[in-house]
Amino acid sequence: NAGVTQTPKFQVLKTGQSMTLQCAQDMNHNSMYWYRQDPGMGLRLIYYSASEGTTDKGEVPNGYNVSRLNKREFSLRLESAAPSQTSVYFCASSEVQARAFFGQGTRLTVV
Amino acid sequence: KQEVTQIPAALSVPEGENLVLNCSFTDSAIYNLQWFRQDPGKGLTSLLLIQSSQREQTSGRLNASLDKSSGRSTLYIAASQPGDSATYLCAVRPHSNYQLIWGAGTKLIIKP
């Protein structure tokens, strides 16, 4: 049982480049989430998808876009990367009244 | 606005001790509360989930309690081991939306 799989695990981008972080879950969860984690800032929600076909902004959505491709997959896109987007990104999935499961994270550095 | 606070931010104890981590929240209108563990450089692992109607949950040496009326949860770790060293985070799911509201975490170090 793979759970939540994120790719890539590491990425270095130059300022202005674009990239997409991929996330897939095999637990048939309706809800999926993208977080970023920065030292001293804790976990901050970027976007979430309560169910297939819906997406909503979280606490820090600026500079990001998301796509809920189907029930399994939820991608996060950086259109024009900035150094402020250097962070560790986590994807998660859950049902409302059940545990949340997290991927192993993507370490992104923007230079 | 729901806020979640974890105290202390860091804790160091000798191996074998029993310990308690604290989590407080400002709004009692929650679906559930979860405790997570995060090892350095890794993702988060859900340890225990307490539904709003429950008072506690147990898993092995871990016991989590929930007192909604006072806005508090505790995570009790019995007979601590060096392998318990990690950052522990609590998160509440409000009635109002699908998001989890997070505490900043307690970094726990168990000294051999």
Side-chain angles (χ1 to χ4, degrees), chain A residues 1-7 9-10 21 23 25 27 29-52 54-61 66 68 74 87-108, chain B residues 1-10 23-25 29-54 57-59 62 64 66 68 73 75 86-107:
Chain A
N1 189 350
V4 179
T5 303
Q6 286 182 239
T7 56
K9 289 185 171 52
F10 300 93
L21 282 65
C23 176
Q25 52 96 5
M27 295 168 283
H29 288 160
N30 281 300
S31 301
M32 297 186 73
Y33 309 81
W34 277 106
Y35 291 92
R36 59 179 290 174
Q37 187 175 39
D38 303 286
M41 301 294 291
L43 275 163
R44 293 183 291 171
L45 183 66
I46 305 171
Y47 272 94
Y48 67 102
S49 171
S51 60
E52 186 179 357
T54 68
T55 61
D56 287 283
K57 296 178 181 179
E59 183 183 354
V60 289
V66 290
R68 183 74 183 267
F74 188 38
S87 187
V88 181
Y89 292 85
F90 289 103
C91 177
S93 72
S94 74
E95 295 296 341
V96 171
Q97 296 200 38
R99 292 185 180 191
F101 290 82
F102 280 73
Q104 288 298 298
T106 297
R107 292 187 175 275
L108 176 66
Chain B
K1 179 184 174 185
Q2 178 74 270
E3 293 182 358
V4 179
T5 304
Q6 291 187 248
I7 295 173
C23 173
S24 60
F25 48 96
I30 63 171
Y31 268 128
N32 54 49
L33 181 145
Q34 291 183 71
W35 282 93
F36 292 83
R37 169 184 173 140
Q38 185 175 27
D39 294 288
K42 303 291 186 182
L44 285 76
T45 300
S46 179
L47 298 172
L48 289 164
L49 171 75
I50 311 178
Q51 302 292 354
S52 61
S53 59
Q54 297 174 322
Q57 283 287 325
T58 298
S59 176
L62 304 179
L66 175 64
K68 270 201 326 177
S73 176
L75 179 66
T87 296
Y88 292 81
L89 298 99
C90 70
V92 300
R93 190 181 297 280
H95 276 303
S96 56
N97 59 52
Y98 289 86
Q99 301 181 34
L100 286 173
I101 310 299
W102 294 86
T106 295
K107 184 174 183 179

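Protein chains get the first letters and strands the later ones, always in sequence-line order, with residue 1 at the start of each. Values below: all heavy atoms of this structure, side chains included; hydrogens, waters and symmetry mates excluded.
Ranked by heavy-atom pairs shorter than 4.5 Å toward chain B, the options A:A50, A:G58, A:S31, A:G40 are led by A:A50. The residue among B:G41, B:A9, B:G43, B:A91 with the most heavy atom pairs within less than 4.5 Å of chain A is B:G43.
Between A:E95 and B:R93, the shortest heavy-atom distance links the atoms O-NH2, 3.9 Å. What you find for A:A100 and B:S46 is that their closest heavy atoms are O-CB, 3.7 Å.
To the nearest 0.5 angstrom, A:M41 atom CE is 16.0 Å from B:W102 atom CH2. Taken to the nearest 0.5 Å, the OG1 atom of B:T45 stands 9.5 Å off from the CZ atom of A:F101. Note that CD of A:E59 is 8.0 Å distant from CD1 of B:I101, once rounded to the nearest 0.5 Å. With values rounded to the nearest 0.5 angstrom, B:L100 atom CG is found 9.5 Å from A:L43 atom CG.
Looking at heavy atoms from C-beta onward, B:Q38 lies in side-chain contact with A:F90 at the 4.5 angstrom threshold.
The main-chain N or O of A:L45 is never found under 3.5 Å from a side-chain atom of B:Q99 such that the two would form a donor-acceptor pair.
For A:R107, the part lying near chain B is the side chain, with the backbone staying farther off; criterion is any non-hydrogen pair under 4.5 Å. With a threshold of 4.5 angstrom between heavy atoms, A:Y35 approaches chain B through side-chain atoms but not through N, CA, C or O.
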